Amino acid sequence: MSALSDLKGHLDHYRQLPYHSDAKLASKLEEVQAWQRARIQQTHQALFSQPKNQLMAAYFVNKLYGGAEFDILARQLERIIPKAQKLESLAPTAALETGTLAIHSAIVATELDLHLAEWLLAQDLPVNEPNMLLAYRTVNEADERRAQLASLKDVCYRTDKYINSFMLQKAFALAKSTAYKYNYHPLYDFIAEGFVAMKPLGRVASFIEPVCERELEIIEHVHLPNNDGRIEPIAV
């Protein structure tokens, strides 16, 4: 299958998620995702606040994680994908595959949080740390969250490799006029913004490795039988 065929499949799955037709569930998911973004920002504040990391931090939280900005992008992509063969013939396959993987990762993040929202809604519980801890442990998708982090890491390393290839960068730049001419710019811009966000990092590992390491620690802590009642372990 082509990158755009894969992308269409991911978007079709995304549109079938039940919160799109359930206002109460959509509201609860919005609360969960807002809480998650705030928690991620707080957890990684020292890393995210470094000047070279700020663009990537914003892209990570607002585009790769899911939420309102991603939903707008998904709607735009749904409109253009059926007619985007022209872009696929001109833009480098590696760039389209990386963009597709990033979008799939964001959809998986949304779906994992949706499962938390469904449980909280069924229990009629507000979104706060104690209830999120209960939801995490009851839904019990630790392995799925580890896999989603691995996918995010893969996106980052693929993009880093792409940034360091002059030929791929040149080919992608040449495809811009075609992308805009045929109104494929939402997909093009999503990929291009990732390149721009990662460029100041120098080495993408300096950003994504500590983020994933800390998030994996939190997953382990959340699912410990003797958890102290917190989402995050207390720093020693």
Side-chain angles (χ1 to χ4, degrees), residues 1 3-41 43 59-79 81 97-129 131-156 158 186-187 190-191 194 208 211-212 214-216 218-220 222-223 231:
M1 294 178 69
L4 292 183
S5 294
D6 288 344
L7 179 56
K8 184 181 184 305
H10 298 327
L11 291 171
D12 288 345
H13 176 74
Y14 174 71
R15 192 52 54 197
Q16 291 167 9
L17 296 179
Y19 80 94
H20 293 295
S21 57
D22 185 331
K24 288 185 178 179
L25 181 56
S27 178
K28 183 63 73 173
L29 174 61
E30 185 177 345
E31 291 178 48
V32 168
Q33 290 186 314
W35 188 93
Q36 294 278 40
R37 282 192 293 273
R39 198 278 302 163
I40 291 169
Q41 292 277 15
T43 297
Y59 189 75
F60 183 87
V61 172
N62 297 319
K63 295 293 178 69
L64 297 181
Y65 181 71
E69 286 194 31
F70 178 79
D71 192 63
I72 293 170
L73 172 66
R75 290 181 184 278
Q76 293 173 328
L77 293 176
E78 285 168 341
R79 290 196 295 269
I81 287 301
E97 288 177 346
T98 301
T100 296
L101 183 61
I103 289 164
H104 179 244
S105 182
I107 291 171
V108 172
T110 298
E111 192 164 12
L112 289 171
D113 280 350
L114 176 62
H115 298 159
L116 301 179
E118 287 173 328
W119 186 83
L120 289 166
L121 186 63
Q123 306 303 314
D124 194 24
L125 292 173
V127 177
N128 55 37
E129 184 167 352
N131 291 338
M132 285 292 286
L133 177 61
L134 282 173
Y136 269 124
R137 298 183 72 176
T138 304
V139 173
N140 193 23
E141 292 183 321
D143 287 343
E144 289 81 357
R145 288 190 176 272
R146 292 186 190 98
Q148 197 269 335
L149 282 174
S151 177
L152 268 178
K153 188 184 291 190
D154 189 21
V155 168
C156 290
R158 284 182 181 223
L187 177 58
F190 174 76
I191 297 170
I208 197 61
V211 167
C212 287
R214 183 61 174 162
E215 292 298 313
L216 287 171
I218 291 170
I219 291 170
E220 294 299 325
V222 162
H223 292 278
I231 292 289

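These numbers come from a predicted model, not from an experiment. Positions are given from 1, in the same order as the sequence printed here.
In this structure, the side chains of Val32 and Met132 come closer than 4.5 Å at one or more pairs of heavy atoms. Between Arg15 and Leu11 there is no side-chain heavy-atom pair separated by less than 4.5 Å. Side chains of Leu114 and Pro18 form a contact here, defined as non-hydrogen atoms less than 4.5 Å apart. Ser151 is not listed as a side-chain neighbour of Val108, based on a closest heavy-atom distance of 4.5 Å or more.
In this structure a side-chain-to-backbone donor-acceptor pair under 3.5 Å is present from His20 to Tyr14.
Residue pairs satisfying the side chain to side chain donor-acceptor pair (under 3.5 Å) criterion with at least one member in residues 114-123, sequence neighbours excluded, are listed as follows: His115-Glu141.
The two residues Leu120 and Asn131 make their nearest non-hydrogen contact at CD2-O, 3.7 Å. Nearest heavy atoms, Tyr136 versus His223: O-CE1, 3.4 Å.
To the nearest 0.5 Å, the span separating OG1 on Thr110 from CG on Leu29 amounts to 6.5 Å. Taken from CG in Asn62 to CG in Leu73, the straight-line distance is 12.5 Å, to the nearest 0.5 Å.
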Give every donor-acceptor pair under 3.5 Å between a side-chain atom in residues 142-149 and any protein atom, sequence neighbours left out.
unit_1 : atom_1 : unit_2 : atom_2 : d
Asp143 : OD1    : Arg146 : NH1    : 2.5
Arg145 : NH2    : Leu112 : O      : 3.4
Arg145 : NH2    : Asp113 : OD1    : 2.9
Arg146 : NE     : Glu220 : OE2    : 3.2
Arg146 : NH2    : Glu220 : OE2    : 2.8
Gln148 : NE2    : Ser105 : O      : 3.2
Gln148 : NE2    : Ser105 : OG     : 3.1

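For the salt bridge (Lys or Arg N to Asp or Glu O under 4.0 Å) test, residues two or more places apart in sequence or in another chain that qualify with Glu215 are Arg39.
Taking a 6.0 Å sphere around CD of Glu30, one finds it holds 12 or fewer heavy atoms contributed by other residues, nucleotides or ligands.
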